[in-house]
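Read the structure below first, then the notes.
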Amino acid sequence: MSEKTVVGRFAPTPSGRMHLGNVMCALVSWLSARSQGGKILLRIEDLDTQRCGWEENTRLLIDDLNYLGLEFDGGYDRSLWQSARADIYAETFEKLRSEGLVYPCLCTRSELHAATAPHLSDGRYVYDGRCYKKFLKGYKIPDGAHPSMRVHVPDKNISFEDGICGFYSENLARDCGDFVVRRADGIYAYQLAVTVDDCLSGVTEVFRGRDLLSSTPCQLWLAETLGLEPPAGYYHIPLMTDADGRRLSKRDADLDMGALRRKYSPEMIIGIVAASLGLIGKPEPIGANDLIAFFSKDKLPRNDVRLRLF
Ligand code: GLU
């Protein structure tokens, strides 16, 4: 039987200009797929199209990817972008609803802050399920209210072997809690959208930042609940730090693609990321295509990736 074609994806949120951390994620996803003769898809998480600047950010994101020489299968096919897929998410949502798994939540932001367990590393919190208890007692949502919709998770352990971080396990009820699948403004939330999209587009491997490691059990459980096949491999890549070990963030504007493009050629930017990842010995200009030969998943660092500039 022939091996399944590798399908990778890069799923950026256009909330700002790409910075080196995003470039690292894009490059690793791209190199892994290409080095195995696979496909790589671009799935833009443009969930908040109304938000100021997102359209322009998306345009710049595509321009930056082109600049770096990272081409995607299907090009910039919008049908894979989150903004074009509300009908698909709605169908999935109805499936969860018909199984009695979703319920309305009217908790305000401040109630959530006051009543929830400490925030997880990725900014999520564990919801205490107070609206679920009301829902079970038949609580009716007042007319005109706009609740968010949560999915009720079971008291179940979900484990998987991450290709970089190793064995990872979470108890859904304790560590994840009931999470929002549709926001109060009607937009389908990250966990639902990403699960549906990764499964339906046949993604076989996911590379993304380590901050999303703790989201993976929710996604694996959602896929299982929906009868969908999840990606076979997850690889949560360490975050990038500056030379002093301080985490890079969007605030480091000197490392966003706008600033980098004023200073470096595409090959130099690829060389910086490749050297920081340890794929090449020191920063030197190299094209993305030429880097394929140097790539192997085993070479990816397990700990923070220290930035190595020219
Ligand atoms: N949109 C997320 C980000 O930009 C990544 C989501 C994912 O890869 O699942 O960090």
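Atoms within each ligand, like the ligands themselves, are counted from 1 in listed order.
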Q.
Give me the nearest non-hydrogen protein atom to atom 4 (O) of ligand 1 as residue plus atom name, then the distance to 0.1 Å.
A. Thr13 N, 3.3 Å
Q: Considering heavy atoms of the protein only, find what lies nearest to atom 10 (O) of ligand 1 and give residue, atom and distance to 0.1 Å.
A: Leu212 CD1, 4.4 Å
[X], portion touching ligand 1 at heavy-atom distance under 4.0 Å:
| X | answer |
| --- | --- |
| Tyr190 | side chain |
| Asp211 | neither |
| Val194 | side chain |

Q: Answer yes or no: does an N/O atom from Ala11 fall short of 3.5 Å to an N/O atom of ligand 1?
A: yes
Q | Contact (N/O only, under 3.5 Å) between Arg9 and ligand 1 | A | yes
Cation-pi geometry met for [X] and [Y] (6.0 Å, 45°):
| X | Y | value |
| --- | --- | --- |
| Arg150 | Tyr127 | yes |
| Arg182 | Phe93 | yes |
| Arg261 | Tyr67 | yes |

Q: Give a yes/no on ligand 1: does Pro12 have at least one heavy atom closer than 4.0 angstrom to it?
A: yes
**Q.** Glu205 with Lys297: basic N within carboxylate O range, under 4.0 Å
**A.** yes
Q. Does the pair Arg17/Asp64 count as a salt bridge with the N-to-O cut at 4.0 Å?
A. yes
Q) Given Val151, which of Asp178, Val180, Val181 fulfils the side-chain contact (heavy atoms from CB on, under 4.5 Å) condition? A) Val181
Q. Heavy atoms, side chains only, cut-off 4.5 Å: are Lys282 and Phe310 in contact?
A. no
Q.
Please compare Arg208, Glu45, His236, Gln191 and report which has the shortest non-hydrogen distance to atom 1 (N) of ligand 1.
A. Glu45
